[in-house]
K.L.:
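After the structure tokens below, expect a handful of questions from me.
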Amino acid sequence: MKGEWILDKNHLSYWLRQLRKDRQLIGPLRDEGRDIVFRTVENIHEIVLDCPASLPSPKEFLFPQYEPMLRLNSNPSSPPLRKGVRAVEDLTDKNRRVIFGVRSCDISTLGLLDKFYLGKYRDPYYEQRRKNTLFISVVCNNPEPTCFCIGLATGPYLEKGFDIQLTDLGDRYFLQTGSAEGARTVRSMAFLFRRPTKLDYEDQYEVFLSSKAGFQKRIGLEGVRQMILSGRVKDDFWQWVAGRCFECGGCVYECPLCTCFTVTDRVYPDGIERVRLWDTCLFKGFTRMAGGVIPNEKMVLRTKRWYYHKLIHYPETLGDFGCVGCGRCTITCPGKIDMATIATKIKGLALNGDGE
Amino acid sequence: MKKVLTVCPYCGCGCGLYIHVEDGKITGVSPSRSHPVNRGSLCVKGWNAHEFVSHPDRLKYPMIRQDGRLKKATWAEAINLVAARLEDIKGKYGPDSIGILSSAKCTNEENYLMMKFARAVLGTNNIDHCARLCHSSTVGGLASAFGSGAMTNSISEIADARVIFVIGSNTTEQHPMIAMHMLEAVDRGATLIVADPRRTKIAELSRIHLRHRSGTDVALLMGIMNVILNEGLVDIGFVRRRTENCDSFEEALRRYSPEIVEGITGVKANDIRRAARIYAMEKRSMLFYAMGITQHITGVDNVKACANLIMLTGHIGLPMSGINPLRGQNNVQGACDMGALPNVYTGYQAVTDPKARRKFERAWRRRLPEKSGLTLMEMMDMAYEGSLRAMYITGENPLISDPDLNHEREAMERLEFLVVQDIFINETSEYADVLLPAASYAEKDGTFTNTERRVQLLRKAIQPIGESRPDWEIISELSSAMGYKMSYRGTYEIMEEIALLTPSYAGILQHRLNEGFGLQWPCPDIDHPGTPYLHRKKFARGLGTFITVDFVPPDEPPDEAYPFLLTTGRMYFRYHTGTMCGRTSVLEREEPECFVEINPADAEKLGIKDRSMVRVGSRRGFIDLRAYVTQRTPEGIVFIPFHFKNAAANVITNPATDPDAKIPEYKVCAVKVEPLSRPQKTERPPLIDLETLRIT
């Protein structure tokens, strides 16, 4: 499964073209508005690799914003499944995709997403997409000012968890495979790759070092967790946070690890389509009970819950923080109460306020 | 998967967003990171701007009323019927018996064609749109003071301002992306002053919150200016060089000492002094206002008072310093610019000006009517009286958004012929004789102009749903069927015609908008980079004019029978009449039912418990809804959002209008509040309106 190879940059487009033959090739491209977005690649030469974080995260390919799940057909001419049961059409996504140019932080979410979606309750929609998606990630040589994966060991390069990881060595890529699918993909076109030499390893190490030096933010979340658990983060702090929350849901929508969704039925004259949509725990309607009671009606409880979920409950239930330091909430939050800011503020409380 | 950069269809911020398309279907949206307005953020409505597009309720084919029922028809049948009936009514009763409501949700190109259709094809100036109900006071008020009525600055300047004075705008909820820039300014040390009777979120973020009584804005602003005058904070150089009529204005100002103003507004004299000093002494002071200023019988006076304030302090004509009306609809600025108003052509060229009229007559090769047409509210009154026989309503839902709905319904009922062109069946289409299905924002090209005058490209992401068609195609075809040929290959050709006839849009052509994020008018020629802020060195009309205004109490102040002052407004998760957000599951879920906010002191006096049902009634009608007991609303005032059809606030609002702008006084009317003894069953509006599915 694990393998290390060298890919000459001149061979990249040929390789991608081959991969595209039986998969949709998705990659980071520059759009009309100068933004970088992940979309289907028409012209491989237009791929922009050294790019700022894409909005939204590549979770949209595993768990799309709007996903049809199934259709109930009330058309009498369609054959019933069983007696008295109307035809149900499964709308699980069948597309095979290769997503090129993903960042390490996003790859490191996959383990946790799998635990959530493929744990006790298996989510067939996610499972199908996960199975059909191959990720080719790229080690970040130039982290953005918003990035802080380095403090969480979720980047800029990964030891495991990836399908295929590329490190840019200038004229060639250092390629590592980390999954069976990744290894198979490389092996099926072995003639494109060669084994790395000592020089390649040296260059790779140099890139790692320079990349690490590029980080402006160094935020670890363990200290923040301890602060919260020790009860030193008081409610007036969360009140301040809530006062700045715009309730846009952007942090949840952008977060590569957030998994909230809602399910709704669309009624057509000839049937019903069940769809699921991104939702967020920050909205009060998210927890409305049948009787109309909303346990977390106060804004402060909802913003606080989001941080508690990421910093306390995630480590308890899934074994790691619910944050990979991708910095997308820093980019998108209109109230500037993103994870990096809040973590820094909470650490500041330790220094300024009470003791330590 | 494809991602198409386009413009958000909700509010006037004009955020850039990508529509995600997979196999010809929309799968989501995401914000543009480099867009100067939203910079990678979106509000909750923007984030959910994808769901309604493919909602099953979409109107998919034209419908014609036969034997009282709306029945499916072909495009040819519908167009021919509309053409024949409009010709017929025009022939019988004259062109002015027809009224057109254009739409602030449609593109500039569509609004232009709509007004061309009204004027050149039908021969009437009876064209108006919802700007009448939101910022007609601004268009009029600022035009008379400066010669041009639009936001003077750019949104991207806000973060560098030193003072932000917000009056009558719930910015965090209604223009969230503008509030984001304000919050950034506050973080950088700017002072935020908010004048609003309610303690809104933006008010909670402010340094000074002036809670004046609704409808006393003129008095409050005069009080502030009185302090500025008496404490020698007037920018004398600016007043001398750039303005006129200041002397007579100063005379009027002397009557409004802070103490007198405190009596009228309920705001402490010292708070008025503090606010006045901070606003006047800092440079880089920006003033923002919205419906709290405009929707009064004194709407134009309120706007003029704001204009006087910024001229007195010289806070205009520079970056980060000016007067900024926040426009509500995504293209309400554009619809006004395009002349979808009864008195002007594109770029505010008056229909009564023979020179302008001749220009348009020559371009359109038709004689054009000389008299100004009817405003929206006048059309409704004329329809009620019977002199307006037919209406053509595009992308608007007056039967929720207009005041005094019972009267409006009757007016619609009395029309001989009503065409409704929309993307959904709505309350207004229940009265329609012909329904024409329009394409949504995701299914057409064109341009929108946002509140900071930025003309941006709307790009088509998917094919129109069902048989729906872009409004500009429908109007072109209808016009051709009525004997006036309109043949445009695309919206870019229409834009070219607009540029030709409109000095402020002369350099705005679609191919220029393709790169970057649009151009801000005025843009007088093809090489012009656009204008980020207005009135530099010189006002549009030359010298700015101080117009003396005086405090006039609201039309219907509270009295013994109706002791509360009702003010209406919007809320964050909803948008206007709910045509779009009501079909978006997350948005619809958040606030599923209407409520009235009432102060705890008042609630206790009346024996109203939090979340209990109450009846709110005025002289025009009543609605039953839930009471939210909250400090957000001060004593003596109740607040109701106007979005809901099962408790439509506009059943009780007052249709009294501003004498000049004809804008109704949505913000003040007298009501009484009674607890309902028995809990009434509240109908939760179903997500899918079953009624609409039955019409086939």
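Letters A, B, ... mirror the listed sequences (proteins, then strands); counts begin at 1. Atom set for the values below is all heavy atoms of this structure, side chains included, hydrogens, waters and symmetry mates excluded. The model shown is predicted, which means the values in this text are computed figures rather than measured ones.
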K.L.:
With a 4.0 Å cut-off on N to O distance, would you call A:R244 and B:E184 a salt bridge?
P.N.:
no
K.L.:
Going from CG on B:L183 to CD1 on A:I337, what distance comes out if it is rounded to the nearest 0.5 angstrom?
P.N.:
9.0 Å
K.L.:
Heavy-atom pairs under 4.5 Å with chain B are the metric here; pick the option from A:P68, A:G243, A:P64, A:G249 that has the most.
P.N.:
A:G243
K.L.:
Applying salt bridge (charged side-chain N to carboxylate O under 4.0 Å, His left out) to B:E22 and A:R97, what does each step give before you reach the verdict?
P.N.:
CA-CA 13 Å; B:E22 184 100 62; A:R97 295 187 180 84; 3.1 Å; yes
K.L.:
How close do B:S41 and A:P334 get, heavy atom to heavy atom, and via which atoms?
P.N.:
OG-N, 4.1 Å
K.L.:
For residues A:Q65 and B:E51, is any side-chain donor paired with an opposing acceptor at under 3.5 Å?
P.N.:
no
K.L.:
Measuring from atom OG of B:S585 to atom CG of A:D279, what distance do you get when rounded to the nearest 0.5 angstrom?
P.N.:
8.0 Å
K.L.:
Look at the rings of B:W47 and A:Y253 and say which category their plane angle falls in: under 30° parallel, 30 to 60° tilted, over 60° perpendicular.
P.N.:
tilted
K.L.:
Are B:D23 and A:N95 side-chain neighbours, meaning at least one heavy-atom pair lies under 4.5 Å?
P.N.:
yes
K.L.:
On a heavy-atom basis, which atom in A:A242 and which in B:K201 lie closest, and how many Å separate them?
P.N.:
O-NZ, 3.1 Å
K.L.:
Would you say A:D35's side chain and B:S32's backbone share a donor-acceptor pair under 3.5 angstrom?
P.N.:
no
K.L.:
Using a cut-off of under 4.5 Å on heavy-atom pairs, state which of B:K2, B:E591, B:M180 scores highest against chain A.
P.N.:
B:M180
K.L.:
I want to know whether B:Y572 and A:F246 have ring centres closer than 6.0 Å.
P.N.:
no
K.L.:
Heavy-atom distances under 4.5 Å only: say whether A:L277 touches chain B with side chain, backbone, both or neither.
P.N.:
side chain
K.L.:
Identify whether the distance between the nearest side-chain nitrogen and carboxylate oxygen of A:E144 and B:R33 falls below 4.0 Å.
P.N.:
yes
K.L.:
Which residue out of A:I36, A:V37, A:V41, A:I26 racks up the most heavy-atom pairs below 4.5 Å with chain B?
P.N.:
A:V37
K.L.:
Are any of the side-chain heavy atoms of B:P31 and A:E254 separated by less than 4.5 Å?
P.N.:
yes
K.L.:
Can you tell whether the side chains of B:K3 and A:E60 come within less than 4.0 Å, N to carboxylate O?
P.N.:
yes
K.L.:
About how many Å separate NE2 of B:H20 and CZ of A:F38, when rounded to the nearest 0.5 Å?
P.N.:
12.0 Å
K.L.:
Taking all non-hydrogen atoms of both residues into account, name the closest pair between B:C43 and A:C248 and its distance.
P.N.:
CA-CB, 3.8 Å
K.L.:
Considering residues, nucleotides and ligands other than B:K60, do more than 12 of their heavy atoms fall under 6.0 Å from its NZ?
P.N.:
yes
K.L.:
Find the one option among B:R459, B:E590, B:R611 whose heavy-atom pairs under 4.5 Å with chain A are most numerous.
P.N.:
B:E590
K.L.:
Holding to side chain to side chain contact (heavy atoms under 4.5 Å, CB included), I want the full list of residues that pass it with B:R512, two or more places apart in sequence or in another chain.
P.N.:
B:L519, B:C523, B:I526
K.L.:
If every non-hydrogen atom of B:S54 is compared with every non-hydrogen atom of A:R266, which pair is closest and at what distance?
P.N.:
OG-NH1, 2.9 Å
K.L.:
Do you know which of B:H50, B:E204, B:E515 has the most heavy-atom pairs under 4.5 Å to chain A?
P.N.:
B:H50
K.L.:
Measure the shortest side-chain to side-chain distance between B:R589 and A:F286 over non-hydrogen atoms and say whether it is less than 4.5 angstrom.
P.N.:
yes
K.L.:
Atom NZ of residue position A:K336 - does it have more than 12 heavy atoms of other residues, nucleotides or ligands inside 6.0 Å?
P.N.:
yes
K.L.:
With rounding to the nearest 0.5 Å, note down the distance linking CH2 in A:W278 to CG in B:N48.
P.N.:
10.5 Å
K.L.:
Would the distance check show the side chain of A:T332 and the main-chain N or O of B:G40 forming a donor-acceptor pair, the cut-off being under 3.5 Å?
P.N.:
yes
K.L.:
Kindly determine whether B:F573 and A:E247 satisfy side chain to side chain contact (heavy atoms under 4.5 Å, CB included), including the steps that lead there.
P.N.:
CA-CA 9 Å; B:F573 284 95; A:E247 289 188 80; 3.6 Å; yes
K.L.:
Let's test your reading of the structure: which of B:L42, B:T172, B:V29, B:I26 forms the most heavy-atom pairs below 4.5 Å with chain A?
P.N.:
B:V29
